[in-house]
S.K.: 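Quick one: this structure, given as C-alpha cells, is what I'll be asking you about.
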Protein chains: 2
Amino acid sequence: MDAIDRSLVELLRGNARLSYAELARQVGLSAPAVHERVGKLEASGVIRAYRAEVEPEAIGFAVTALIGIVEDSGGDTDDVLEAFRQMPEIESCYFMAGVESFMLKARVGTIAELERLIVRLNRTPGVASTRTGIALSTKWENRPQPPVPPEA
Amino acid sequence: MDAIDRSLVELLRGNARLSYAELARQVGLSAPAVHERVGKLEASGVIRAYRAEVEPEAIGFAVTALIGIVEDSGGDTDDVLEAFRQMPEIESCYFMAGVESFMLKARVGTIAELERLIVRLNRTPGVASTRTGIALSTKWENRPQPPVPPEA
DNA sequence: TTTGAAAGGAACTAAGG
DNA sequence: CCTTAGTTCCTTTCAAA
C-alpha cells in the first residue's frame, strides 16, 4: 500500500470504470503493472466492490430513511445483525457507539413500505426500539477524497 | 427505463466493472445495444457515477461518524450546504425532515481529526448545533438490491 | 433501437530484467 | 516489482434494417 496504490484507489473511487491503460497513464506505470496492483488490492480486501451509483428515484426508491436501533439488553447482537442482513431495503449498516447500537440507511419505494419496514424492525428479536429520520434529498453520497497527484 | 434497463442498472450496481460484452450476454442483447443503453442511462442521470468501494481503514480512515446538524433560524441552507461541500471529509450529505436539517457521514483518520471537523462544523455560519455518533464498524454499505433475473 | 462488420484498443498472460 | 511483447477479446463507430 504505497503512494501509487493510494492513487489507484482514489482514481477508482472517482471512476470505477477507468481502464487499466488509463490508470497506467495516470500513475506512470505500464498497464500490466497496474493490473497486478489492482488485483492485489482486490484480493487483500482494500477494494471491496465496484458499484454504479444510481439515482434512487430512478429505480423506484423514492424514500430514504436513517434508522437508529436500540437493542434489548438480553439480545444477541449477531442475531440482530443477521436479521438486518436479510432485509434488502437496508443498504448500509453501521455498528455504533452510544445508546443506539446500529444506524441503518434504508431505501424503499413508498412511505407505506417504510412503515412496514419499521414494524418489521421493531418486531425483530433483540430490537428494543427504533428511531427513524426521513431524508428529503440526497445531496451527495460516497464522494471520494480528491486524489493526491501521483508524482509532481 | 424498461426491464432491460433495470437489469443493466442492477448488474452495474453489483459490479460496475462488467464489460459491455458481459452485460450484453446477461441481458440478451448485442454489445453495441448495451453500450447505447448504458450511455443513455449515464446521460439522463440515472447512473451518477461508478465507484470503487474501499475498506476505509485501508486508506487511513479509521473513524466514521454520523453527524446531525441543526440550522440557525436565520441561516441560508444553500450556504451551509456549500460549506459542507468544501469539507472533503464529508462523504455523504442528506437533507432531512425534522429538527436536524442535515445528516452527514464523515470519514477521518483519527479522533483528533474528528474533533477538528466538529469544531469547524459548529463554527460554520448557519449551523446552530451538531450531534455526533461514532461508528465502531461498518457492517456493509451501499449494498445493491438483488438483481431481478433478466428473462426466464 | 437494434444488429453485424471492422478497426482500433485494451486485457491478460508469459517471459525476462 | 517492473517492462515488453503477443494473443485474444472488447469497445466503439457506422451502415443498414
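First the proteins, then the strands, lettered A, B, ... as listed; each starts at 1. These figures come from a predicted structure and were not determined experimentally. Every heavy atom of this structure was used, including side-chain atoms; hydrogens, water molecules and symmetry mates were not.
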S.K.: Within a strict 4.5 Å, meaning less than it, do heavy atoms of the B:F102 and B:F84 side chains meet?
M.R.: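 In contact.
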
S.K.: Do the side-chain N and O atoms of B:S19 and B:R25 include a donor-acceptor pair separated by under 3.5 angstrom?
M.R.: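 Checked: B:S19/B:R25 side chains show no N/O donor-acceptor pair below 3.5 Å.
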
S.K.: Just how far, in rounded Å, is C1' of D:dC1 from CD1 of A:I4?
M.R.: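 Going from A:I4 (CD1) to D:dC1 (C1'), I get 10 Å.
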
S.K.: Could you check how far CG of A:L23 sits from P of D:dC2, rounded to whole Å?
M.R.: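 So the CG-P distance, A:L23 to D:dC2, works out to 14 Å.
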
S.K.: Is it true that a side-chain atom of B:R131 and a backbone atom of B:I69 form a donor plus acceptor pair closer than 3.5 Å?
M.R.: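 Answer holds: no.
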
S.K.: Grab the CD-P distance between A:E22 and D:dT11 for me, whole Å please.
M.R.: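 Going from CD in A:E22 over to P in D:dT11 covers 16 Å.
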
S.K.: Over all strands shown, is B:S30 touching base, sugar-phosphate only, or nothing at heavy-atom distances under 4.0 angstrom?
M.R.: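 Counting heavy atoms under 4.0 Å across all strands, the contact made by B:S30 includes a base.
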
S.K.: Looking only at side-chain atoms of B:A21, point me to the closest of D:dT11, C:dT3, D:dC2.
M.R.: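 My answer, after comparing the listed nucleotides, is D:dT11.
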
S.K.: Using whole Å, what does the distance between atom P of nucleotide C:dC12 and atom OH of A:Y20 come to?
M.R.: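 Computing the A:Y20:OH to C:dC12:P distance gives 5 Å.
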
S.K.: By side-chain hydrogen bond (donor to acceptor under 3.5 Å, both in side chains), which residues pair with A:R37, not counting sequence neighbours?
M.R.: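 For A:R37, the residues satisfying side-chain hydrogen bond (donor to acceptor under 3.5 Å, both in side chains) (neighbours in sequence not counted) are A:D2, A:D5.
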
S.K.: Which angle, rounded to 10°, do you find between the first-five-pair axis and the last-five-pair axis of the helix from C:dT1-D:dA17 to C:dG17-D:dC1?
M.R.: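 Comparing the first five pairs with the last five, the axes sit 30° apart.
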
S.K.: Of A:R17 and A:D2, whose nearest nucleotide on DNA chain D comes first from the 5' end?
M.R.: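 Closest to the 5' end, via its nearest nucleotide, is A:D2.
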
S.K.: Do the numbers put B:R17 on top of the ring of A:Y20, so that NZ or CZ is under 6.0 Å from the six-membered ring centre and no more than 45° off the axis?
M.R.: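 Yes, a cation-pi geometry.
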
S.K.: Compare the minimum distances between each of C:dT1, D:dT3, C:dT3 and the side chain of A:L29, then state the nucleotide with the smallest one.
M.R.: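 Closest of the options to the side chain of A:L29: D:dT3.
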
S.K.: By the salt bridge (Lys or Arg N to Asp or Glu O under 4.0 Å) test, which pairs, at least two apart or in different chains, include something from residues 58-71 of chain A?
M.R.: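 Sorted pair list comes back empty.
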
S.K.: Is any side-chain nitrogen or oxygen of A:H35 closer than 4.0 Å to OP1 or OP2 of C:dA11?
M.R.: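 It does not, given that no N or O in the side chain of A:H35 lies less than 4.0 Å from OP1 or OP2 of C:dA11.
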
S.K.: Counting distance only, does the side-chain N/O of A:W140 pair as donor-acceptor with the main-chain N or O of B:I90 below 3.5 Å?
M.R.: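 Flag set: sc A:W140 to bb B:I90 pair under 3.5 Å.
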
S.K.: According to a strict under-4.0 Å criterion, is B:R25 in side-chain N/O contact with OP1 or OP2 of D:dC10?
M.R.: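 For D:dC10, OP1 or OP2 has a side-chain N or O of B:R25 closer than 4.0 Å.
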
S.K.: In whole angstrom, give the distance that lies between atom CG of B:L18 and atom P of D:dT11.
M.R.: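 B:L18 atom CG is separated from D:dT11 atom P by 10 Å.
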
S.K.: With sugar-phosphate meaning primed atoms plus P, OP1 and OP2, does B:A33 contact a base, only sugar-phosphate, or nothing at under 4.0 Å between heavy atoms?
M.R.: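 Base contact - B:A33 has a heavy atom under 4.0 Å of at least one base atom.
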
S.K.: Whole angstrom is fine here: how far is it from CD in A:E36 over to P in D:dT3?
M.R.: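 For the pair A:E36 CD and D:dT3 P, the rounded distance is 11 Å.
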
S.K.: Side chain of B:P32 only, please: which of C:dG4, C:dC12, D:dC1 is the nearest?
M.R.: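 Closest of the options to the side chain of B:P32: C:dG4.
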
